[in-house]
Amino acid sequence: MYKILYKEVLSDVNKLMIVEAPAVAHKAQAGQFVIIRVDEQGERIPLTIADFDRDTGTVTIIFQEVGKTTIQLGEMDEGDELATVVGPLGHPSEIENYGTIVCVGGGVGIAPVYPIAKALKEAGNTVISIIGARTKELLFWEDKMRAVSDELIVCTDDGSYGRKSLVTEPLKEILEDADRDVKHIWAIGPAIMMKFVTLTTKPFGVPTTVSLNTIMVDGTGMCGGCRVLLEEGAQFVCVDGPEFDGHKVDWDNLLSRQRYYRSEEQEATERFEQHRCHLDAAMAEEAG
Amino acid sequence: MAELTQRDRMRIPRQPMPEQDPDARGRNFSEVALGFTAELAKQEAERCLQCKVPKCVEGCPVDVRIPEFIKAVREGDMITAVQEMKVKNSLPAICGRVCPQEVQCEQLCVLAKKGQPVAIGRLERFVGDFELRQRTCPLDRAEVSGKRVAIVGSGPAGLTCAVDVAREGHEVTIFESLHSPGGVLVYGIPEFRLPKGVVHAEIDYAAECLGIEINPDYVIGRTLTLPELLETYDAVFIGTGAGLPSFLRIPGINYNGVMSANEFLTRVNLMKGYKFPEYDTPVKVGHNVAVIGAGNVAMDSARCSLRLQKARAAMTGTEPGEVHIVYRRSREEVPARAEEVHHAEEEGIIFDFLTNPVEIFGDENGNVCGMRCIRMELGEPDDSGRRRPVPIKGSEFDLTVDTVVMALGTSPNPLVFIDAEGLERSRWGTIVAEETEGRTSMPRVWAGGDVVTGAATVVSAMGAGKRAAADINRFLSGELNPW
């Protein structure tokens with residue numbers, strides 16, 4: 001069992017947890033992920049390692065509440081225990097001194113892009129970061145991102161904070177500025193955002209690494225549910241990735257595969273929320 | 001009762017296994033074969049002729065003392081039966097259910113010549129199940145040696161090796177990548193063939209008696225590496241199986257609804273997808289399912305599909321649909337265990353022999369909607385000695401399917417080889433290990449089971465685990481150092 005040592009509500013739907021998992025922390029590197037399971041009935045879901053501390057033996061996970069498992073996880077508190085935390089899985093990011101690089105984090109994708117930006121900064125790169133979300137409420141870690149970036153651009157779709165734009169707009173401007181000489185781009189966020197980032201960067205010919213978050217069961221290459229179509233054929237996100245050359249990804253296939261279990265996810269979420277309502281009502285009755 | 005003569009014994013017919021009715025069982029995941037009653041077991045045990053030179057034992061990869069345990073069953077002395085069994089086999093409730101006895105012990109039984117071998121597997125299960133209930137014979141352990149052994153993988157090979165090494169007094173730690181031990185016994189083989197309660201009970205019993213520590217959630221190669229294990233442990237056994245699925249190289253394999261048998265079975269078995277939404281992991285099964293391949297994994301996938309279809313039909317009041325096994329060779333070459341094929345047919349699985357998929361079609365949402373196949377005929381024998389299937393020109397036809405499960409065999413998962421360059425592997429990705437002792441090219445590392453042989457059977461993996469354990473024990477006692 002893996003104890004939750006710290007919990008922070010980053011926004012309405014984004015939460016952070018520091019979890020005791022010494023074996024994972026011992027080996028974790030930027031770009032890798034863990035598979036977690038909330039309880040014995042739980043499903044296995046991949047979450048990127050947002051930070052880790054080898055001395056305290058902890059890993060930090062950040063998640064957006066989108067379905068039954070993440071809502072249930074969000075309701076857990078400090079002192080509660082997760083049934084499974086296994087990892088670190090996947091290849092670490094290839095960190096080297098490229099020169100000037102851009103890190104793009106969208107929504108909950110800010111969490112996984114942070115350790116990469118941090119590692120790239122430590123490797124001597126000039127780090128330009130762009131973080132964005134639908135609205136101000138969904139932004140987090142602006143301070144942390146600023147601390148590891150030479151320049152930070154914040155945008156929201158609705159203009160409630162920072163620049164009113166999608167992340168692709170400032171990205172395009174940076175690429176158009178020949179003086180900047182951007183060598184590499186990392187983009188992590190919703191698949192649709194990553195798709196448009198790669199469409200933006202492709203004409204400039206700048207290598208663009210994306211970190212994919214697909215449906216997985218085991219996370220070790222066993223099920224193949226995470227397969228992604230690249231130009232060279234199907235690959236497994238869990239063991240061949242999670243980072244890929246974004247220009248080679250078949251995004252429409254990826255988006256359609258992410259939707260495959262949507263009706264089941266809805267069913268599970270509705271059932272969970274109903275159950276919770278009943279529970280709340282029963283407790284209120286008892287208290288009253 | 002007076003002692004029976006050999007002639008009397010030969011007159012007793014082979015006792016049938018009580019089974020769930022095919023129609024009823026299609027609608028549940030409960031075990032199909034219900035197990036012998038004490039009366040049936042005794043009657044079946046009476047059939048054994050107690051051969052002076054028992055051929056059956058030669059057919060057993062772990063050398064179970066077959067005549068001895070059967071004699072004890074016959075005499076109603078179950079404690080002795082359990083003791084005789086456990087000398088060689090610490091997991092009889094599992095083996096009795098999943099061994100392909102018809103090509104092993106039972107094939108060599110003298111009564112097999114008349115088509116009626118002693119039902120050794122059923123008797124083994126009877127003894128194993130008795131012991132899980134009664135716990136009469138806790139496995140004994142030699143004096144603590146102070147030596148430490150790491151076992152990578154908790155499937156049949158790793159478990160068997162762990163038990164035999166721990167019995168010698170060595171301290172054993174098992175590392176398992178998934179959250180529950182058992183390997184293919186829990187993620188692959190379905191509940192209706194091997195109840196998970198039986199697997200867990202058998203593992204817990206052995207681990208408790210022998211002080212074996214089981215660490216789930218450890219992916220060796222990632223969480224810890226092989227060289228790191230060698231720093232802490234005196235010996236390491238790798239029994240990581242063959243967990244990597246294969247996909248046909250045809251167009252359309254990434255449409256939704258095309259999955260590996262590993263994914264499908266893991267969702268159903270390990271994650272208990274058949275109990276969704278009580279359990280969180282969903283599993284989707286279409287109205288028309290095509291399972292490609294005809295091994296045990298294909299039969300398991302087909303029979304799970306059928307149960308899920310019937311469950312849905314019962315809930316929604318619609319037709320359940322069809323499940324097809326699509327196999328490029330003929331019935332003769334089917335590699336699955338005979339009983340599994342028989343059960344699959346009984347339950348209504350449709351077999352499309354001499355049929356090979358060439359393309360999968362998807363609809364506008366990216367979901368599978370059909371599969372083009374071509375008819376095959378058998379040509380000259382190939383390397384495997386089986387007649388090679390060749391396509392019949394112009395015989396293409398389309399199947400309407402919305403789920404395609406690929407059960408085409410598996411290969412070893414390479415994660416365990418991270419940072420282990422000194423470990424020699426074949427071009428198929430399997431570990432090169434000595435056949436008899438399981439020694440690898442890396443000092444103090446042994447391997448056995450599917451990771452060495454490629455996908456095979458539970459009991460052959462157990463045999464390999466057992467032989468490696470004997471060698472590890474000799475090595476740790478200082479008797480030999482082969483490196």
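The structure presented is a predicted model; accordingly, all values stated were derived computationally and were not measured.
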Checklist entry - Measuring heavy-atom distances to chain B, does A:F236 have an atom under 4.5 Å in its side chain, in its backbone, in both, or in neither? => result side chain
Item to check | Heavy-atom contact with chain A under 4.5 Å, split by part of B:S180 | outcome: neither
Checklist outcome for this item: Per-residue tally against chain A (heavy atom, under 4.5 Å) across B:G362, B:S177, B:G273, B:S260 peaks at B:S260
Item to check | Option that, when pairs with chain A are counted at under 4.5 Å, heavy atom only, ranks first among B:N254, B:N262, B:T281 | outcome: B:N254
Item to check | Among the listed options B:K272, B:R222, B:M271, B:R249, the residue most often paired with chain A at heavy-atom distances under 4.5 Å | outcome: B:R222
Next on the checklist: At a heavy-atom distance under 4.5 Å, which candidate from A:G224, A:G225, A:P88 has the highest pair count against chain B?
Outcome noted: A:P88
Checklist entry - Contact part of A:R37 toward chain B, heavy-atom cut-off under 4.5 Å: side chain, backbone, both or neither? => result side chain
Item to check | Residue part contacting chain A, namely of B:K284, when any heavy atom lies under 4.5 Å | outcome: both
Checklist entry - At a heavy-atom separation under 4.5 Å, does B:F264 approach chain A through its side chain, its backbone, both, or neither? => result neither
Checklist entry - Between A:T69 and chain B, which part of the residue has a heavy atom less than 4.5 Å away: side chain, backbone, both or neither? => result side chain
Item to check | Portion of B:E228 that has a non-hydrogen atom of chain A nearer than 4.5 angstrom | outcome: side chain
Checklist outcome for this item: If one checks every heavy atom of B:L415 against chain A at 4.5 Å, the contacting part turns out to be side chain
Item to check | Options A:C223, A:G67, A:A21, ranked by heavy-atom pairs under 4.5 Å with chain B, top entry | outcome: A:C223
Next on the checklist: Please classify the contact of A:A23 with chain B as side chain, backbone, both or neither, using a heavy-atom distance under 4.5 Å.
Outcome noted: both
Next on the checklist: I'd like to know if A:D51 pairs up with A:K118 as an ion pair, taking the criterion as any Lys NZ or Arg NE/NH1/NH2 lying under 4.0 Å from an Asp or Glu carboxylate oxygen.
Outcome noted: yes
Checklist entry - In terms of heavy-atom proximity below 4.5 Å to chain A, should B:N365 be classed as side chain, backbone, both, or neither? => result backbone
Checklist entry - Is A:D77 salt-bridged to A:K7, going by a charged N under 4.0 Å from an acidic O? => result yes
Checklist entry - Using 4.0 Å as the upper bound for N to carboxylate O, is an ion pair formed by B:E263 and B:R267? => result yes
Item to check | Side chain, backbone, both or neither of B:I253 within contact of chain A (heavy atoms, under 4.5 Å) | outcome: both
